[in-house]
Amino acid sequence: KGGSIMPLLVCSAQSCVYNDAECCCKGDIQVGGDHAEKCQETCCSSFRERKGDNARSSMGTPCQKIDVDCEARNCTFNESCKCSADKIGIAGAAAKHCDQTECASFEEK
């Protein structure tokens, strides 16, 4: 295992260039929300809107398990800025900017 926890990721941000059938093609993501106290105060900082020439994702191989760096220090799953959850969800079906996404799995400590 190498000590690294890789949560199962389900991403509903279909408008993200890295989204492929609710899987992520980026390989790793960053969850923002330094002072978050609820889901709505977090975001996927790695979100990039799909538009124009990048209408279809060609950004890598879609993965269900992914490395998640997390700035949401108030989350119970945050262990030294890494997500330790077994499974997380990123919400933001109609997102056009990272601020319109959120980590739906955030749980305040």
Side-chain angles (χ1 to χ4, degrees):
K1 289 204 171 203
S4 179
I5 298 166
M6 293 181 67
L8 180 68
L9 174 70
V10 177
C11 179
S12 69
Q14 301 285 346
S15 56
C16 180
V17 70
Y18 301 117
N19 189 303
D20 187 338
E22 296 196 339
C23 293
C24 186
C25 296
K26 188 172 183 301
D28 62 343
I29 63 167
Q30 175 82 41
V31 172
D34 232 6
H35 304 289
E37 295 180 2
K38 54 189 175 184
C39 294
Q40 295 83 354
E41 295 172 347
T42 65
C43 69
C44 179
S45 301
S46 302
F47 175 90
R48 297 291 175 269
E49 186 184 10
R50 179 179 297 171
K51 54 188 174 185
D53 291 342
N54 61 9
R56 293 209 35 89
S57 181
S58 59
M59 308 303 275
T61 305
C63 294
Q64 287 187 307
K65 290 205 168 241
I66 193 164
D67 188 39
V68 180
D69 291 332
C70 182
E71 294 176 349
R73 292 184 184 92
N74 295 328
C75 182
T76 191
F77 299 118
N78 187 314
E79 290 184 11
S80 302
C81 295
K82 290 283 187 186
C83 181
S84 67
D86 291 331
K87 178 179 178 180
I88 67 166
I90 298 294
K96 297 202 175 295
H97 188 267
C98 68
D99 290 346
Q100 296 170 327
T101 65
E102 66 184 57
C103 179
S105 304
F106 176 90
E107 286 183 22
E108 189 175 15
K109 284 183 183 174

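For the numbers below, each heavy atom of this structure counts, side chains included, while hydrogens, waters and symmetry mates do not. We're numbering straight along the sequence, starting at 1.
- The structure places OG of S45 at 5.5 Å from CD of Q30, a figure rounded to the nearest 0.5 Å.
- A heavy-atom distance below 4.5 Å is found between the side chains of C103 and I90.
- Across Q14 and R50, no two heavy atoms sit closer than the pair O-NH1, 3.6 Å.
- A pairwise comparison of heavy atoms in S12 and G92 identifies OG-N, 3.3 Å as the closest pair.
- Within the 4.5 Å cutoff, side-chain heavy atoms of C83 are placed close to those of P7.
- Within the 4.5 Å cutoff, side-chain heavy atoms of Q64 are placed close to those of L8.
- With sequence neighbours excluded, no residue satisfies salt bridge (charged side-chain N to carboxylate O under 4.0 Å, His left out) with D99.
- T101 places no side-chain N or O within donor-acceptor distance of the main-chain N or O of C43, the cut-off being under 3.5 Å.
- Hydrophobic clustering places I88 together with I66 (ILVMFWY residues linked when any side-chain heavy atoms are closer than 4.5 Å, directly or through intermediates).
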Does the side chain to side chain contact (heavy atoms under 4.5 Å, CB included) test come out yes or no for V10 and E22, once each step is laid out?
CA-CA 5 Å; V10 177; E22 296 196 339; 3.5 Å; yes
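- Looking only at side-chain heavy atoms (C-beta outward), I29 and C24 come within less than 4.5 Å of each other.
- Of the possible donor and acceptor atoms, one in the side chain of N78 sits under 3.5 Å from a partner among the backbone N and O of C81.
- Checked by atom type and distance alone, the side chain of S105 pairs as donor or acceptor with a backbone atom of G89 at under 3.5 Å.
- Between P62 and C25 there is a side-chain heavy-atom pair separated by less than 4.5 Å.
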Please test S15 against F47 for side chain to side chain contact (heavy atoms under 4.5 Å, CB included), starting from the C-alpha separation and ending with a verdict.
CA-CA 9 Å; S15 56; F47 175 90; 3.6 Å; yes
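- Using a 4.5 Å cut-off on side-chain heavy atoms (C-beta onward), K82 and V68 make no contact.
- Note: C63 SG to K26 NZ = 12.0 Å, rounded to the nearest 0.5 Å.
- Summarising the geometry, atom CG belonging to N19 is positioned 8.5 Å from atom CG belonging to L9; distances are rounded to the nearest 0.5 Å.
- The shortest side-chain heavy-atom distance between H97 and E49 does not fall under the 4.5 Å cut-off.
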Pairs under 3.5 angstrom only: tabulate donor-acceptor contacts from the side chains of residues 31-40 to other protein residues two or more places apart or in another chain.
unit_1: D34; atom_1: OD1; unit_2: R73; atom_2: NH1; d: 2.3

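- In this structure, NZ on K109 lies 8.0 Å from SG on C75, to the nearest 0.5 angstrom.
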